[in-house]
Amino acid sequence: MSEKDPAQESTSRIPSVIVDDVHVKYKVIGSKGSKVQAHHKDSLLKKLVRRGAKITSAGSTEIHALRGVSFIAHDGEAIGILGTNGSGKSTLLRAIAGLQPVSHGSVYMRGRASLMGVGAALVKNLTGERNIMIGCLALGMSVSEVKEKFNDIVKFAELGDAVYLPMSTYSHGMAARLRFAISTAITPDVLIVDEALSTGDSAFKTKSRRRIDEIREAAGTVFVVSHSSATIKSMCSRAIWIDQGTVKMDGAVDEVVDAYRAFTRHSRAERRRRRRLRRKRRAALNGSGKVES
Amino acid sequence: MKRDVRAARKRARVGGGQSRQDQIIIPDDQLTPDALAARYGLAPVGRRPALLPYIREIVRWLPFTVMLGTSRAASKNRNSYLGQIWSFLNPILNSLVYVLVFGLLLDVSRGVDNVIGFIVVGTFMYRSFNDVVQNGGRSIRRNQNLVKSLPFPRAVMPIAAAVSEAVMLLPELLVMLIIIKVSSAIPNMTPVIWDWTLILLIPAVILLYIFSLGVAFMVARVISFIPDLGNLLPFCLRLLMYTSGAIFPVSRYFSNETIQNILSYQPVAVMLDLVRQVTLSESTIPFTWSHWLWATGWAVSFFTIGLVIFWRAEARYGRE
Ligand SMILES: Nc1ncnc2c1ncn2[C@@H]1O[C@H](COP(=O)(O)OP(=O)(O)OP(=O)(O)O)[C@@H](O)[C@H]1O
Ligand SMILES: [Mg+2]
């Protein structure tokens, strides 16, 4: 493996998560849609079948979202995951948490992962208080544990009296605080933060960063997905760049973030150049058309 | 946590199947991933646990299951003026329709002493079974969002659906008993006389729920992989309703004894008769303990087989 030993500061090099050649294929039932391109050489029967499938939206497709991802994470590491939209970051993290069945390869882990997915269990028209109960139970705590942690959670989320209001009255940031507070109420062995910090204000960001550091110091491992390279740089020691379902780069955070930035800048420039070319060609065509008519 | 690490190191030194020398010679970065995982005591993620640990997990998540089920039940009839009253009106109106059509118009309930009681028990109990199977069976697909974000054992979803039905059951049973009592006052109907066996209504309903949950497990597994079969489910359940004697004593329409026996000892029919034994005084459905043996047998075997069937696909739910 092409690791450049980015976790220099961690004393122990105990693996906590091993991802070994993981492939994930989504099965999409009932949507052959327009994705299937027609070939001129296809037989009439094939064309008819395709047309029929398109109209009735029968059949199924597979989306190969991860194509052989391998890496090893160690205790006390914070790893940033970078990549464009749809590159497979969330899929990878769900696979690590054991929530997404993998079609090939395997993931090994010590302890429990928390994906900050309590949001799915919370009920909008119930109060924050009740939602803390539901969320904590959804993470597998017992009722007595929840009662014990309740005050800590309220204090961390800084909701004040708003805990006694329905969650539908919360702002985005308030709801995000509550979710973060609930998911980190028990220190998980592996914490996975997928775009969960983007809506908090700066005070909360600092606070959540401190919490993440605490988890890391307790020899846990943290994965952070963010589209902000500043967030990744400030929180992580190592970064992995996922591109179209494969690991494009894995190493020290500065190198990877810089390479990723250069790549996006380059591809944006490339796109701009192509657009300009296209426009020019179109203009030329239009011009000639006018002359003809 | 620190202790964990030390334990892992110790385990690494002692080693799984390899000799101590190998352990020292091969450095970490030359091991295969699974050997490395074994050295540091990492467990594979997303694998199906053994059956007993799985059941223990289900028990551990019971508080969440109950919470989910009750809050679902509470939010069921939110957007209507009558609110929760609909959960009573529904089965009442339902049984009223069946009493009118089958009991009075078609008069198919030949030889039944108290037609209203017979049909009301049949429809109330069958509706319960029907709803547990339908909602439990679809629960994995319906709650993709939850399944994809939290690591509970997947069996929590069908169980929560059953809990959500059970929450409304106690008041429903009361309504059912009141209707039976009222029907006794109607001239054409034989009056119903209750004795101590009425208490057995509670274990009878519990057996019905255990059985229904078993069926829901099987249906849930099938539907989550072949959703198309979900469209056939209502038809199957309706067919089952007519062949189980929920509305009229179907087995009396056959003279062949084998068919009669099959129709009256199939699980749903047994469950319905069990409830009728204790709540009605039909001369053709006397109280017999042998029926309880049948019911217990069916409930336990369906629940066990259903749970095993469901558990076998545990690691594969949520591939969409
Ligand atoms: N439920 C799903 N069904 C089918 N395909 C999916 C599903 N979820 C994701 N995909 C596909 O898998 C690929 C990876 O998606 P994923 O959500 O992991 O991307 P991501 O890197 O997290 O993107 P983003 O930065 O937008 O969050 C995409 O091509 C997407 O179309
Ligand atoms: Mg994502």
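Protein chains get the first letters and strands the later ones, always in sequence-line order, with residue 1 at the start of each. Excluded from the calculations below are hydrogen atoms, water molecules and symmetry mates; all remaining heavy atoms, backbone and side chain alike, are included.
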Inset, instruction - Mind ranking L150(B), D228(B), V156(B) by heavy-atom pairs under 4.5 Å with chain A and telling me who comes out on top? - result: L150(B)
Legend entry - Pair S70(A), D21(A): side-chain N/O donor-acceptor within cut-off below 3.5 Å: no
Inset, instruction - Quick one: closest heavy-atom pair of P158(B) and F310(B), and the distance? - result: CG-CE1, 4.0 Å
Legend entry - Residue L36(B) versus chain A: region with a heavy atom under 4.5 Å: both
Inset, instruction - Flag the one option from G46(B), A315(B), P44(B) with the top tally of heavy-atom pairs under 4.5 Å to chain A. - result: P44(B)
Inset, instruction - Grab the two heavy atoms, one from S128(B) and one from Y209(B), that are nearest each other, plus how far apart they are. - result: OG-OH, 3.0 Å
Legend entry - Heavy-atom contact with chain B under 4.5 Å, split by part of V24(A): neither
Inset, instruction - Name the region of A43(B), side chain, backbone, both or neither, that has any atom closer than 4.5 Å to a heavy atom of chain A. - result: both
Inset, instruction - Mark yes or no: R154(B) above the aromatic ring of F152(B), with NZ or CZ under 6.0 Å from the six-membered ring centre and no more than 45 degrees from the axis. - result: yes
Legend entry - Interchain contact, V147(B) with chain A, by part (heavy-atom threshold 4.5 Å): backbone
Inset, instruction - Compute whether any side-chain donor of one residue and acceptor of the other, for E314(B) and Y54(B), lie under 3.5 angstrom apart. - result: yes
Inset, instruction - Can you spot which of V222(A), V17(A), D250(A), I240(A) makes a side-chain contact (heavy atoms from CB on, under 4.5 Å) with I79(A)? - result: I240(A)
Inset, instruction - Name, in order of residue number, those residues of residues 133-146 of chain B that have a heavy atom at a distance of less than 4.5 Å from a heavy atom in chain A; otherwise write 'none'. - result: R141(B), N145(B), L146(B)
Inset, instruction - Check F129(B), F217(B), F211(B) against F302(B) for a ring pair (Phe, Tyr, Trp, His ring centres under 6.0 Å) and give me the one that passes. - result: F211(B)
Inset, instruction - Flag the pair R216(A) and D75(A) as a salt bridge only when some basic side-chain nitrogen lies within less than 4.0 angstrom of an acidic carboxylate oxygen. - result: no
Side-chain donor-acceptor pairs of residues 127-143 of chain A under 3.5 Å, sequence neighbours excluded:
unit_1: T127(A); atom_1: OG1; unit_2: R130(A); atom_2: N; d: 3.2
unit_1: N131(A); atom_1: OD1; unit_2: V123(A); atom_2: N; d: 2.8
unit_1: N131(A); atom_1: ND2; unit_2: V123(A); atom_2: O; d: 2.9
unit_1: N131(A); atom_1: ND2; unit_2: L126(A); atom_2: O; d: 3.2
unit_1: N131(A); atom_1: ND2; unit_2: T127(A); atom_2: O; d: 3.2
unit_1: S142(A); atom_1: OG; unit_2: S144(A); atom_2: OG; d: 3.3
unit_1: S142(A); atom_1: OG; unit_2: E145(A); atom_2: N; d: 3.4
unit_1: S142(A); atom_1: OG; unit_2: E145(A); atom_2: OE1; d: 3.4

Inset, instruction - With a 4.5 angstrom heavy-atom cut-off, could you sort out which part of R316(B) is near chain A: side chain, backbone, both or neither? - result: backbone
Legend entry - Which atoms of A97(A) approach chain B - backbone, side chain, both or neither, heavy atom under 4.5 Å: backbone
Legend entry - Donor + acceptor pair across side chains of Y40(B), S16(A) (<3.5 Å): no
